[in-house]
Amino acid sequence: MLETLLNGGPFMMVLAVILSLILFLSIKNIKEPYKTNSIVLLGIFSALFGILGTYIGVKNALDVVTAINNISPEILINGFKISLITAYAGAIIMFFSALAWYYFVNKHNLSNI
């Protein structure tokens with residue numbers, strides 16, 4: 001599992017930092033409201049960043065395919081699978097940040113603000 005996440009490259013490191021920020025803000029929100037809307041905004045940013053990482057990975061894979069005449073389909077498919085890691089991670093982070101945001105908005109009755 002850890003090896004799969006590390007294959008995501010530098011984009012996964014940024015997503016890990018975003019996840020830690022979301023966890024920090026969630027812990028601060030347990031007792032009193034603290035930048036609650038930032039939780040969902042960071043989640044959305046993580047999803048967009050994951051899609052950007054996937055786009056760059058697929059573009060690089062397709063650039064290599066045009067340079068090589070005889071490429072194995074297994075290598076190409078594995079490259080596409082690795083490029084999707086960041087999109088999956090970004091979507092999972094966004095899902096949990098939306099749940100945390102919804103919970104804290106209801107807990108602290110912030111819907112009137």
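For the numbers below, each heavy atom of this structure counts, side chains included, while hydrogens, waters and symmetry mates do not.
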I need the [X] [atom1] to [Y] [atom2] distance, nearest 0.5 Å.
X      : Y     : atom1 : atom2 : value
Met13  : Ile18 : CE    : CD1   : 13.0 Å
Phe96  : Ile92 : CZ    : CD1   : 7.0 Å
Lys35  : Leu42 : NZ    : CG    : 10.5 Å
Leu48  : Met94 : CG    : CE    : 8.5 Å
Leu84  : Lys81 : CG    : NZ    : 10.0 Å
His108 : Lys31 : NE2   : NZ    : 11.5 Å

If hydrophobic clusters are built from ILVMFWY residues whose side chains come within less than 4.5 Å, do [X] and [Y] share one?
X      : Y     : answer
Tyr102 : Ile39 : yes
Leu21  : Phe49 : yes
Ile51  : Phe80 : no
Ile56  : Phe45 : yes

Residues forming a side-chain hydrogen bond (donor to acceptor under 3.5 Å, both in side chains) with Tyr88, sequence neighbours excluded:
none

Tell me whether the rings of Phe24 and Tyr34 are parallel (<30°), tilted (30 to 60°) or perpendicular (>60°).
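Ring orientation of Phe24 relative to Tyr34: perpendicular.
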
Looking only at non-hydrogen atoms, find the nearest pair between [X] and [Y] and report the distance.
X      : Y     : result
Val105 : Thr36 : CG2-CG2, 4.0 Å
Gly53  : Thr86 : C-OG1, 3.6 Å
Ser83  : Val58 : OG-CG2, 3.4 Å
Gly90  : Leu15 : N-CD1, 4.0 Å
Gly43  : Ile22 : N-CD1, 3.9 Å

Apply side-chain contact (heavy atoms from CB on, under 4.5 Å) to Leu23 and list each qualifying residue two or more places apart in sequence or on a separate chain.
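In terms of side-chain contact (heavy atoms from CB on, under 4.5 Å), with neighbours along the sequence ignored, Leu23 is linked to Leu19.
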
Does any non-hydrogen side-chain atom of Phe104 lie less than 4.5 Å from one of Pro33?
no

